[in-house]
Amino acid sequence: MKLLRALNVEDRLVIGSMVVTMGGVVLGALLSEPRSFGITALIVITMLIAGWRVTRSSRLAWLLLFGLVAGVLELWADWVHVTYFGSLVYTDYFGFRLLASPLYMPVGWWLTVVQFGYLGLRLGERWSQWKVVGLITLLGMSLPPWYEEFAAPARAWYYATSGPMLSHTPVWIIFTYGGCMFAIATMALVFYRPREWGRAVLAGIFTGAGIMFSGVVWFSLLG
């Protein structure tokens, strides 16, 4: 109870968005319904945007712009793995294909950047930046087994790779997520300044490049 009282409105919003995200992933797996991923992504980003409108939080506004830029640029990383490496196969596009990705994929990364960028900024109020980056990187490496294991029964996507696997999850994906989270946390901590929108755009560009770099490097080493 004491911990709950210590949470502010933004904290509750972001934590709630994470809970809904996880719930949508589980539901998709239980129902073997890939569209659950897209519906969940749209619901969660709507929650975050509505939360910003209600709270008028400059921090959420900055993170939403940061995440939007990174989410759009992630399409490039997906395209490389789907069309060039042939390592990633989507089995449902949620009604429309963006380059090589389902319609919801940039939204999924948009909300992920907002959620974990916010976590990085909040933890950075108490801890050193590199301790925060290290923690979020390790947390990122724990996410793929969760997402990938539920994506398989949901029939949302799968990987065509000859490298080592952890059940349905390639090991290179685990390290890739770590690199993605490293980029998100680092760019949030380094670039964040309230209402400095150019810095949010730059953070998004560098994060998108980090996602691309991490995926290519780890697939080349372990894929």
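Because the structure is a prediction, the values reported are computed rather than measured.
Remark: Tyr104 OH to Phe96 CZ distance equals 15.0 Å, nearest 0.5 Å. In this structure, CD1 in Ile184 is found 10.0 Å from OH in Tyr177, a value given to the nearest 0.5 Å. We find the CE-CD1 distance between Met165 and Ile173 to be 9.5 Å, quoted to the nearest 0.5 Å. Rounded to the nearest 0.5 angstrom, Trp130 CH2 and Thr137 OG1 are separated by 9.0 Å. Remark: Phe116 CZ to Leu111 CG distance equals 9.5 Å, nearest 0.5 Å. In this structure, the separation between CG on Leu123 and CD1 on Ile136 is 5.5 Å, given to the nearest 0.5 Å.
Centroid-to-centroid, the aromatic rings of Phe66 and Tyr192 stay 6.0 Å apart or farther.
No continuous path of ILVMFWY side-chain contacts below 4.5 Å connects Leu13 to Val9, so the two sit in separate hydrophobic clusters. The cluster map of Ile, Leu, Val, Met, Phe, Trp and Tyr, joined by side-chain heavy atoms under 4.5 Å apart, puts Val114 and Ile49 in the same cluster. A chain of hydrophobic side-chain contacts below 4.5 Å, direct or via other Ile, Leu, Val, Met, Phe, Trp or Tyr residues, connects Trp172 to Leu166. A single hydrophobic cluster is not seen to contain both Val54 and Leu7; linkage of ILVMFWY side chains at heavy-atom distances under 4.5 Å, directly or through other members, places them apart. Side-chain heavy atoms closer than 4.5 Å link hydrophobic residues (I, L, V, M, F, W, Y) into clusters, and following such links, possibly through other members, connects Leu135 to Met141.
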Exercise. Could you walk me through whether Trp79 and Tyr84 pass the ring-ring contact (aromatic ring centres under 6.0 Å, His included) check?
Worked result: CA-CA 7 Å; Trp79 180 87; Tyr84 184 75; 7.5 Å; no
For this session: Before giving the answer on side-chain contact (heavy atoms from CB on, under 4.5 Å), spell out for Trp110 and Ile45 the whole-Å C-alpha distance, their side-chain angles and the decisive distance to 0.1 Å.
Result: CA-CA 8 Å; Trp110 182 8; Ile45 202 63; 3.6 Å; yes
For this session: Quick one: do Glu125 and Val132 satisfy side-chain contact (heavy atoms from CB on, under 4.5 Å)? Show the steps, please.
Result: CA-CA 10 Å; Glu125 295 171 3; Val132 172; over 6 Å; no
For this session: Verify side-chain contact (heavy atoms from CB on, under 4.5 Å) between Glu10 and Leu60, making sure each step is shown before the conclusion.
Result: CA-CA 8 Å; Glu10 288 176 300; Leu60 278 178; 3.8 Å; yes
Problem set entry | His168 and Tyr158: CA distance, side-chain angles, deciding distance, side-chain contact (heavy atoms from CB on, under 4.5 Å) verdict | CA-CA 8 Å; His168 298 290; Tyr158 65 89; over 6 Å; no
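Minimum interatomic distance between Val201 and Val69 (heavy atoms only, all atoms of both residues): O-CG1, 3.8 Å. Taking every heavy atom of both residues into account, Pro106 and Leu75 meet most closely at CD-CD2, 3.8 Å. Looking at every heavy atom in both residues, Ala100 comes nearest to Thr83 through CB-CG2, 4.0 Å. Of all heavy-atom pairs spanning Leu65 and Trp197, the tightest one is CD2-O, 3.6 Å. The nearest pair of heavy atoms linking Leu139 to Leu119 is CD2-CD2, 3.9 Å. In terms of heavy atoms, Leu73 sits closest to Ile205 at CD1-CA, 3.5 Å.
Electrostatic pairing of Arg199 and Glu196 counts as a salt bridge here, judged by a charged N lying under 4.0 Å from a carboxylate O.
The shortest distance between side-chain heavy atoms of Val14 and Met18 falls below 4.5 Å. Within the 4.5 Å cutoff, the side chain of Val44 has heavy atoms near those of the Gln115 side chain. Side-chain contact between Leu68 and Val113 is absent, with no heavy-atom pair separated by less than 4.5 Å.
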For residues 86-95, run the donor-acceptor check on the side chains, cut-off 3.5 Å, and write out each pair with its distance to 0.1 Å, sequence neighbours left out.
from, atom 1, to, atom 2, distance (Å)
Ser87, OG, His81, O, 3.3
Ser87, OG, His81, ND1, 3.1
Tyr90, OH, Asp78, OD1, 3.4
Tyr90, OH, Asp78, OD2, 2.5
Thr91, OG1, Arg155, O, 2.4
Thr91, OG1, Ala156, O, 3.1
Asp92, OD2, Phe94, N, 3.0

Considering only distance and modelled atom types, tabulate donor-acceptor pairs under 3.5 Å from the side chains of residues 208-223, sequence neighbours left out.
from, atom 1, to, atom 2, distance (Å)
Ser214, OG, Thr176, O, 3.1
Ser220, OG, Val216, O, 2.7

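For the 3.5 Å distance criterion, the side chains of Thr169 and Glu149 qualify, holding a donor opposite an acceptor.
Sorted by first and then second residue, the side-chain hydrogen bond (donor to acceptor under 3.5 Å, both in side chains) pairs with a member in residues 60-76 read Glu74-Trp109; sequence neighbours excluded.
Open room surrounds CZ on Arg53; 12 or fewer heavy atoms of other groups in view lie less than 6.0 Å from it. More than 12 non-hydrogen atoms from other residues, nucleotides or ligands lie less than 6.0 angstrom from CZ of Arg59.
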